[in-house]
Amino acid sequence: MEQQVKRIGVLTSGGDAPGMNAAIRAVVRSAVGRGIDCIGIRRGWNGLINSDFVRMDTSSVSHIINKGGTLLYTARSEEFRTVAGQDKALATCKLLGLDAIVAIGGDGTFRGALDLSRRAAEVDYSLQVVGIPATIDNDIGCTHYTIGFDTACNTAIECIDRLRDTMQSHERCSVVEVMGRHAGYLALSVGISAGATAVLIPERKLDFDRDIVEKIRRARLAGTTHYMVVVAEGAGNTMEISRQIHESIGIDPRVTVLGHIQRGGAPTMQDRETASRMGYGAVQAIAEHRGNCVVATQEGRMVVLEMEAALKMTKELDMGRYRILEALTNNCGAL
Ligand code: F6P
């Protein structure tokens with residue numbers, strides 16, 4: 001018979017994402033509601049290595065559902081990639097009497113979670129490790145959605161709407177870089193929703209004439225006098241793209257790199273609700289002794305996937321959406 005879960009740890013790791021606080025709140029409150037103690041591990045995996053923790057109860061997560069960032073702080077840990085680092089982390093787990101760890105973060109966090117779960121098995125320490133996907137990049141293969149994506153998209157769209165006002169007044173071209181690391185999910189959703197003239201994503205090999213020059217040219221022929229080019233950070237050098245636009249068609253673009261502004265701000269309803277559901281689901285999985293797993297969304301449903309298998313999953317960017325973008329911009333005359 002499985003032993004009852006008594007105490008769990010929760011941490012956030014990697015780049016922060018709006019909604020992480022809502023996920024922490026959900027984990028803590030769901031745990032406390034089941035009579036499980038909850039310990040907040042601070043500064044990501046480093047917190048487990050350095051025994052950097054804080055006891056949490058229902059009131060320690062009051063008034064955070066609406067806050068961006070993470071009250072547990074976050075970090076990327078090189079040391080945790082080593083077996084020595086993982087052993088130090090397991091020593092902290094033992095000292096604190098943790099039966100499970102909930103790790104909230106992106107793909108680096110998940111790699112760490114898998115490493116820890118494997119090392120725990122090797123040294124025969126009974127520990128459940130559960131991942132909750134949170135990154136503005138939405139680039140985790142096993143889940144349709146990652147916490148933070150919607151807020152980051154909305155922030156970027158709001159910035160682009162503002163840029164559009166000034167670009168329109170001066171009849172200029174704007175080249176805007178959005179985050180996303182090696183993926184184009186953020187750029188594509190933002191581009192569609194902001195009505196961009198062109199969107200460059202890493203998933204599509206850049207053909208400068210086809211993907212930029214021709215699009216601006218067609219927009220001009222259709223009567224447009226200002227242009228918005230959205231560039232995923234993984235798709236190319238924004239300054240270089242701007243320089244090339246100037247060189248090939250003579251217009252002088254203004255470059256804006258949105259950067260970390262996309263990671264901050266109050267989470268949207270979608271991020272608060274998804275985080276709340278995933279946090280609840282993670283604790284439920286632990287209480288049911290589901291073992292090492294990831295809470296994910298697939299086809300709109302919340303699912304719990306075995307971690308090893310989940311981390312092998314991949315997902316493709318829906319290129320149909322790229323075609324929608326092309327069809328809806330003011331350059332579709334010759335499509
Ligand atoms: O993974 C989230 C993310 O914001 C990426 O979009 C970006 O490439 C990276 O993190 C930036 O990392 P840092 O916060 O270390 O500059």
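Below, each value reflects all heavy atoms present in this structure, side chains not excepted, and no hydrogens, waters or symmetry copies.
The 12-atom threshold is not exceeded at CZ of R55, counting heavy atoms of other residues, nucleotides or ligands nearer than 6.0 Å. The number of heavy atoms from other shown groups lying within 6.0 Å of CD (E316) does not exceed 12. Annotation for R81: atom CZ does not count as buried by contact number, only 12 or fewer foreign heavy atoms lying within 6.0 Å. More than 12 non-hydrogen atoms from other residues, nucleotides or ligands lie less than 6.0 angstrom from CG of L206. For Y145, the OH atom is densely surrounded, since the number of other residues' heavy atoms within 6.0 Å is greater than 12. In this structure, Q4 places its CD atom where only 12 or fewer heavy-atom neighbours from other residues, nucleotides or ligands lie under 6.0 Å away.
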Hey, can you pull the donor-acceptor pairs under 3.5 Å for the side chains in residues 17-24, sequence neighbours left out?
{"from": "N21", "atom 1": "OD1", "to": "L71", "atom 2": "N", "distance (Å)": "2.8"}
{"from": "N21", "atom 1": "ND2", "to": "K67", "atom 2": "O", "distance (Å)": "3.2"}
{"from": "N21", "atom 1": "ND2", "to": "G68", "atom 2": "O", "distance (Å)": "3.2"}
{"from": "N21", "atom 1": "ND2", "to": "G69", "atom 2": "O", "distance (Å)": "3.4"}

Quiz: residues 280-296 side-chain donor-acceptor pairs under 3.5 angstrom, not counting sequence neighbours:
{"from": "H289", "atom 1": "NE2", "to": "Q3", "atom 2": "O", "distance (Å)": "3.1"}
{"from": "N292", "atom 1": "OD1", "to": "V129", "atom 2": "N", "distance (Å)": "2.9"}

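Evaluation of the side-chain contact (heavy atoms from CB on, under 4.5 Å) rule for R204 yields I201, R210, D211, M319, Y322, E326 as partners, not counting sequence neighbours. Residues that satisfy the side chain to side chain donor-acceptor pair (under 3.5 Å) test with E78, not counting sequence neighbours, are absent from this structure. Listed by chain and residue number, R29 satisfy the side chain to side chain donor-acceptor pair (under 3.5 Å) test with S62 (two or more places apart in sequence, or in another chain).
Counting only residues at least two apart or in different chains, ring-ring contact (aromatic ring centres under 6.0 Å, His included) contacts with residues 74-101 comprise W45-F80.
For the pair R43 and Y73, the cation-pi test (distance below 6.0 Å, angle within 45°) is passed.
Contact record, G279 with A26: CA-CB, 3.8 Å, taken as the closest heavy-atom pair. Taking all atoms of both residues into account, the shortest heavy-atom contact from V83 to R119 is CG1-NE, 3.4 Å.
Looking only at atom types and distance, the side chain of R263 has no donor-acceptor partner in the side chain of T155 under 3.5 Å away. For N154 and T268, the side-chain atoms include no donor-acceptor pair closer than 3.5 Å.
L48 is connected to L114 through a chain of hydrophobic side-chain contacts under 4.5 Å among Ile, Leu, Val, Met, Phe, Trp and Tyr, so both are in one cluster.
The pair K6-D99 fails the salt-bridge criterion, with no side-chain N (NZ, NE, NH1 or NH2) lying under 4.0 Å from an Asp/Glu carboxylate O. Contact check on E158 versus R162 returns a salt bridge, with a Lys/Arg side-chain nitrogen under 4.0 Å from an Asp/Glu carboxylate oxygen.
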